Amino acid sequence: MARTSPQEMKEKCGVFGVFDHKEASAVTALGLHALQHRGQEASGIVSCLYGVDSFHTHKALGYVGDIFSSQHVIDRLKGTMAVGHNRYSTAGASDMQNIQPLYAQLASGGVVVAHNGNLTDAHSLRRSLAKKGATFQTTSDTEIILHLMAMSGASSVQDKLVESLSQVHGAYALVVMTPSMLIGVRDPFGVRPLSIGTLESSWMLASESCAFDILGGDLWRDVEAGEMVIIDKEGVRSYRPFPSVAKRFCLFEYIYFSRPDSVVEGRSIYAIRKRVGCEMARENKVTAADVVVPIPDSGLACAIGYAQESGVPFDMGIIRNHYVGRTFIEPMENIRHFGVRLKHNAHSAVLKDKVVVLIDDSLVRGTTSRKIVAMVRRAGAREVHLRIASPHVRHPCFYGIDTPSSEELLASELDDEAIAREVGVDSIAFLSLERLYRAIHEGKETACAASSSSPKGKGFCDACFTGHYPIPLVDVGHAKSVLPLMDTPSTP
């Protein structure tokens, strides 16, 4: 499911935390394994024994399964509490010093922070803090939160955290650990996800519910937008420390980033993607098609929905090799150009002489799509029609997703006819934003249920499609493109 090519969109991070479990580090490693799709660059775990201000850390570049496969490593991460983090670099370079969770010793004691998201005023805040004498050990925007906490005059960690976050702009889902508590908090807009789960008598926090499933745990509920939850020996306490604004959850969590077996914001990701496929067939059906083929694995659920609604047979015309990793593809220049072939192989028995409807979740630069289409044509397809399960991606994301600049986004420069020529397909069609919202808001979780209306996109961030950014882009001089049109935050 995770994309590893630099040509494509990448989620920044996955976070996980557990409170009051005798095997906290092992639980966290398994949770991070389930969240591997959210970050494949590096992983880290910090653990501690409840009530003891002493922390144990292990971080490394690479996959979770490689970093935490040794029992010796797990045994060294002693304690009944732990926080873990999977990383893609958006803010901050790709090196050891930026691997999270980050630790700091404050006047009130040790604190550990794991962050999913991106601060849009990180450069301004860093300059301001440096002028006040702050010394930075990383280039990550997450360290800014720790410096602001250190400078806070509040007495408790939770009040220091609230004071710190009240000074920043951007998207964040945080898991914070002290020797006596686990804290989960989301920004007031709720751009990035964070869920609460249970494992027998223990509590967990994770970016997605699939991390609870792998452990045999249960999803309890989501941390709400603008909510802070404190988990300690007394249980779970909820606070609403930030001003209320209109919620703006990231649409791409439903389209691409979240695992299909997760439940996010109370919605089944798999069911939404099947409904998206249904809407694609209703809006842009290919007449006289022979077969519907997903680009694995991202287009799979949408292709099933498209096939069910259109009546065109579904088949696996492209087979993915799941044993190809980044470390094999990227270091060797002469191999890197064959990355698509290493990961995918066209199945000529399914494709030969067929009119193929190729389904993918999104189109960014178009580089990978172009190579896959060429592969499908070499396998003998008579026609190839590409259907994209999202609107045109015309604007970069500044809230925790690694996207190219506007100039590099194919849909920002070309119309559909030109995109079709560029990618090499007979036709291309994108799902309209209206249809996408219809699929998300459909009340029934059964796929392909007809929708009688098209609810507007209230409650979601669709900036990558529309250019309307709900959170101010303060550091526009350091951003990837010119400041786009902004929405004015409003109360519900």
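Predicted, not measured: the structure shown is a model, and the values here were computed from it.
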Side chain to side chain contact (heavy atoms under 4.5 Å, CB included) between Val168 and Leu125, worked out: CA-CA 8 Å; Val168 307; Leu125 288 169; 3.7 Å; yes
For Asp315, salt bridge (charged side-chain N to carboxylate O under 4.0 Å, His left out) partners two or more places apart: none
Near-ring test His441/Phe460, centroid separation under 6.0 angstrom: yes
Within the 6.0 Å centroid threshold, strictly below: Phe249 and Tyr254: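 Yes, close enough.
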Drop me the distance from [X]'s [atom1] to [Y]'s [atom2], to the nearest 0.5 angstrom.
| X | Y | atom1 | atom2 | value |
| --- | --- | --- | --- | --- |
| Ser390 | Leu363 | OG | CG | 8.0 Å |
| Ile295 | His344 | CD1 | NE2 | 7.5 Å |
| Cys13 | Ile401 | SG | CD1 | 11.5 Å |
| Ile318 | Leu300 | CD1 | CG | 11.5 Å |
| Leu219 | Thr198 | CG | OG1 | 8.5 Å |
| Leu102 | His115 | CG | NE2 | 10.5 Å |

So, [X] side chain and [Y] main chain: donor-acceptor pair closer than 3.5 Å or not?
| X | Y | answer |
| --- | --- | --- |
| Arg320 | Pro296 | no |
| Asp361 | Ala389 | no |
| Lys274 | Gly305 | no |
| Glu279 | Arg282 | no |
| Arg38 | Val15 | no |
| Arg275 | Ala439 | yes |
| Asn98 | Ser140 | yes |
| Asp121 | His169 | yes |
| Tyr399 | Ile471 | yes |
| Arg267 | Ile440 | yes |

Write down the atom of [X], the atom of [Y], and the distance for their closest heavy-atom approach.
| X | Y | answer |
| --- | --- | --- |
| Ala173 | Leu194 | CB-CB, 4.2 Å |
| Ile99 | Lys59 | O-NZ, 2.9 Å |
| Val350 | Gly317 | CG1-CA, 3.8 Å |
| Ala301 | Arg273 | CB-CB, 3.7 Å |

Indicate yes or no: at least one non-hydrogen side-chain atom of [X] is less than 4.5 angstrom from one of [Y].
| X | Y | answer |
| --- | --- | --- |
| Leu165 | Leu174 | yes |
| Met280 | Arg435 | no |
| Ser166 | Phe242 | yes |
| Lys354 | Arg382 | no |
| Leu199 | Val18 | no |

Glu283/Arg438 salt bridge by N-O under 4.0 Å criterion: no
SB check Glu309 Lys285 (cutoff 4.0 Å): no
Trace of the side-chain hydrogen bond (donor to acceptor under 3.5 Å, both in side chains) decision for Thr138 with Gln97: CA-CA 6 Å; Thr138 77; Gln97 67 183 7; over 6 Å; no
Verdict with reasoning, Met96 to Leu61, per side chain to side chain contact (heavy atoms under 4.5 Å, CB included): CA-CA 7 Å; Met96 285 293 296; Leu61 296 168; 4.2 Å; yes
Could you tell me how the ring of [X] sits relative to the ring of [Y]: parallel (under 30°), tilted (30 to 60°) or perpendicular (over 60°)?
| X | Y | value |
| --- | --- | --- |
| Trp203 | Trp220 | perpendicular |
| Phe257 | Phe252 | tilted |
| Phe16 | Phe212 | tilted |

No-hydrogen, no-angle side-chain donor-acceptor test under 3.5 Å, Ser43 and Asn86: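 The criterion, which ignores hydrogens and geometry beyond distance, is satisfied for Asn86 and Ser43.
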Test item: side-chain donor near acceptor, Glu407 and Ser412, under 3.5 Å: no
Set of side chain to side chain contact (heavy atoms under 4.5 Å, CB included) partners for [X], sequence neighbours left out:
| X | value |
| --- | --- |
| Ala303 | Val292, Pro294, Phe314, Ile359 |
| Leu433 | Leu251, Pro391, Leu436, Tyr437, Asp462, Phe465, Thr466 |
| Arg221 | Ile196, Glu224, Glu227, Val229, Ser238 |
| Asp222 | Ser195, Glu265 |

From CA spacing to verdict: side chain to side chain contact (heavy atoms under 4.5 Å, CB included), Gln308, Ile304: CA-CA 6 Å; Gln308 289 179 353; Ile304 292 172; 3.7 Å; yes
Ser258 and its side-chain contact (heavy atoms from CB on, under 4.5 Å) partner, picked from Val264, Val263, Ile272: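 Among Val264, Val263, Ile272, the one that satisfies the side-chain contact (heavy atoms from CB on, under 4.5 Å) with Ser258 is Val264.
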From CA spacing to verdict: salt bridge (Lys or Arg N to Asp or Glu O under 4.0 Å), Glu413, Arg394: CA-CA 8 Å; Glu413 299 293 308; Arg394 293 192 170 107; over 6 Å; no
Report all side-chain donor-acceptor pairs from residues 419-429 shorter than 3.5 Å, counting only partners two or more places apart or in another chain.
residue	atom	partner	partner atom	Å
Arg421	NH1	Glu417	OE2	3.4
Glu422	OE2	Arg370	NH2	3.0
Asp426	OD2	Arg377	NH2	2.9
Asp426	OD2	Val384	N	2.7
Ser427	OG	His385	ND1	2.6
Ser427	OG	Arg387	NH1	3.2
Ser427	OG	Arg387	NH2	3.3

